[in-house]
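Remarks on the structure that follows.
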Amino acid sequence: MTNNAKKIIIGSDHAGYAMKEIVKRFLLDRDMEVKDVGTDSEASVDYTDFGIKLAGPVSAGEFQRGILVCGTGIGMSMVANRFKGVRAALANDLFSAIMSRRHNNSNILVMGGRVIGDSLALKLVEAWLETSFEGGRHQRRLEKMDQL
Ligand code: RB5
C-alpha cells in the first residue's frame with residue numbers, strides 16, 4: 001500500500017451505516033487516517049447527500065481513495081460518478097474489486113450493505129487497497145473517459 005492510500009474518506013447512508021462502521025474500525029486498526037462524512041445512525045437519509053459529501057473531496061484531489069456503502073451500492077455509485085475525476089466502482093465481489101483497481105484505477109469502492117456480508121466486505125476493502133493500477137492500455141482508456 002502506498003503512503004497516500006493511508007488517508008481515506010468513507011461514507012454511507014442508513015442502509016450502509018453498520019457496514020461503514022465496521023469498515024472504519026478495520027481501517028483504523030491498520031493505522032489509516034480515516035475521514036468519515038457520515039451518516040451517523042440508521043435513521044433514514046438520502047444516499048445522494050452522502051455520496052456528494054464524499055465524491056466532492058475525491059474529485060478535488062483532497063483524498064485519493066474513498067469507500068461508500070448504501071443498500072445496493074447502486075445509488076452511491078451513480079452519484080459519485082457524476083464528479084469529474086471520480087472512478088467509482090460498484091463491487092460486491094472480490095474479482096470486480098481487484099479488477100476495478102488493475103484496469104480501471106478506481107478511486108472509490110462502492111459496496112452494498114444489503115447485498116454482501118461484513119466479512120466479504122472487509123476482504124474486498126483489503127484487496128482493493130492493496131491492488132495497483134496496471135496502466136498502459138488501461139490508462140489510454142481512462143483518458144478517453146476524462147475527455148467526455
Ligand atoms: C435506501 O433504502 C436504498 O435505496 C439505498 O441505500 C440504496 O440502495 C440506493 O441505491
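First listed ligand is number 1; within each ligand, the first listed atom is number 1.
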Kindly compute the distance separating CG (D49) from CG (D13), expressed to the nearest 0.5 Å. 10.0 Å

Are any of the N/O atoms on G71, whether in the backbone or the side chain, positioned under 3.5 angstrom from an N/O atom of ligand 1? yes

Salt bridge (charged side-chain N to carboxylate O under 4.0 Å, His left out) evaluation trace for K123 with E126: CA-CA 5 Å; K123 285 194 179 85; E126 187 166 40; over 6 Å; no

Worked verdict on L54 versus M76 for side chain to side chain contact (heavy atoms under 4.5 Å, CB included): CA-CA 10 Å; L54 186 137; M76 285 295 200; over 6 Å; no

Atom indices of ligand 1 within 4.0 angstrom of A15 heavy atoms, with elements: 6 (O)

Could you check atom 8 (O) of ligand 1 against the protein and tell me its nearest heavy-atom contact, residue, atom and distance included? T72 N, 3.0 Å

Salt bridge between R25 and D29, side-chain N to carboxylate O under 4.0 Å? yes

Around atom 5 (C) of ligand 1, find the nearest protein heavy atom and jot down its residue, atom name and distance. D13 OD2, 3.2 Å

Is it the case that the side chain of N92 and the backbone of G112 share a donor-acceptor pair, with hydrogens and angles ignored and the cut-off at 3.5 Å? yes

Can you pull out the closest protein heavy atom to atom 2 (O) of ligand 1? Residue, atom name and distance to 0.1 Å, please. R114 NH1, 3.3 Å

Heavy-atom distances under 4.0 Å are what count here, so tell me which part of C70 touches ligand 1: side chain, backbone, both or neither. both

Have a look at ligand 1 and work out which part of H14, if any, has a heavy atom under 4.0 Å from it: side chain, backbone, both or neither. side chain

So, is the end of the K7 side chain (NZ or CZ) under 6.0 Å from the ring centre of F63 and within 45° of the ring's axis? yes

Using a 3.5 Å cut-off on N or O atoms only, is G75 in polar contact with ligand 1? yes

